[in-house]
Amino acid sequence: MKNIVAGNWKSNKLLHEAMELMNEVKSGLSDTLSTEVIIAPPAPYLSVMTGQAGETLQVASQQCSATGSGAFTGEFTSAMLASCNINWVIIGHSERRQGYGETNDAVRDKLYAALDSGLHVLLCCGESLEVRESGAHFDWVQNQLSHALEGLSNEAMDGVVVAYEPIWAIGTGKTASSQQAQEMHAFIRTWLTNRFDQATAQACRILYGGSCKPSNADELFAQPDVNGGLIGGASLKAADFLAIVAAAEKH
Ligand code: PGA
């Protein structure tokens, strides 16, 4: 199973800056990588970035709509992404759940729409500090995943990568310890085994996200159930992002 390192650029960089960053990342990647490297630039740049990406780099959208085409001003569909040769989409990021009212139902609908269009999904889950301090973090994550994956077949799980991103670690500089990450990832894998089957759970990549950086990536990726990372802030500097990819290559 290949590790994945995905850079979520969020709402950062103007086009010329994004192109520069993309070129720096691309030129720092070897052709013989065993890690899958993905970048998720802002939506207006997706097509340009896909044209530039080449063989070693893949491009993801940071979201997509739950609907098909129609009178939905401002939205873009998963089929549109697929028609632009974009193969990945991030769904259920906590910033969209918290800031744009994406409910568990909306996350499930978007996931189904994306898989129907043949996209691969990076499905985000993770608890707030309040939930963690109350001790309900496992229940919380289980509830998010069971909603998002409701009714999904084992075969369809081939298109899904899970990203565990504790909200208290996102953009805060406060990373989950490698033990905390492993504990939750193992919990998710066991849950996937019970919900689907062992082969499906073993084949599913589970990424960690939340203040992952060159100084902690190695320890996080060394955990048996951590199969790479979803990287925010550190993906905006090519050297840092490439150092995280190098850490993933070691495991
Ligand atoms: P961060 O963001 O690495 O800046 O904490 C991670 C994410 O939101 O995907």
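Counting convention: from 1, in listed order, for ligands and their atoms alike.
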Point to revise | Aromatic ring pairing His185/Tyr208, orientation class (parallel under 30°, perpendicular over 60°, tilted between) | key: tilted
Check your understanding: How would you list all residue pairs meeting ring-ring contact (aromatic ring centres under 6.0 Å, His included) that involve residues 71-103, not counting sequence neighbours?
Key -> Trp88-His120
Check your understanding: Do you see a donor-acceptor pair shorter than 3.5 Å between the side chains of Thr50 and Asn85?
Key -> no
Exercise for review: Tell me, please, which residues at least two apart from Glu36 pass salt bridge (Lys or Arg N to Asp or Glu O under 4.0 Å).
Suggested key: Arg205
**Study point:** Pairs involving residues 125-154, ordered by first then second residue, that meet salt bridge (Lys or Arg N to Asp or Glu O under 4.0 Å) (sequence neighbours left out)
**Key:** Arg108-Glu150, Glu127-Arg132
Practice item. Count the heavy atoms of every other residue, nucleotide or ligand shown that sit under 6.0 Å from CD of Glu75, and state whether that count exceeds 12. Key: yes
What are the polar N/O contacts of ligand 1 with the protein below 3.5 Å, with distances?
{"residue": "ligand 1", "atom": "2 (O)", "partner": "Lys10", "partner atom": "NZ", "Å": "3.3"}
{"residue": "ligand 1", "atom": "3 (O)", "partner": "Ser211", "partner atom": "N", "Å": "3.4"}
{"residue": "ligand 1", "atom": "3 (O)", "partner": "Gly232", "partner atom": "N", "Å": "2.8"}
{"residue": "ligand 1", "atom": "4 (O)", "partner": "Gly233", "partner atom": "N", "Å": "2.8"}
{"residue": "ligand 1", "atom": "5 (O)", "partner": "Gly171", "partner atom": "N", "Å": "2.6"}
{"residue": "ligand 1", "atom": "5 (O)", "partner": "Ser211", "partner atom": "N", "Å": "2.7"}
{"residue": "ligand 1", "atom": "8 (O)", "partner": "Lys10", "partner atom": "NZ", "Å": "2.7"}
{"residue": "ligand 1", "atom": "8 (O)", "partner": "His93", "partner atom": "NE2", "Å": "2.7"}
{"residue": "ligand 1", "atom": "9 (O)", "partner": "His93", "partner atom": "NE2", "Å": "3.3"}
{"residue": "ligand 1", "atom": "9 (O)", "partner": "Glu165", "partner atom": "OE1", "Å": "3.3"}
{"residue": "ligand 1", "atom": "9 (O)", "partner": "Glu165", "partner atom": "OE2", "Å": "2.7"}

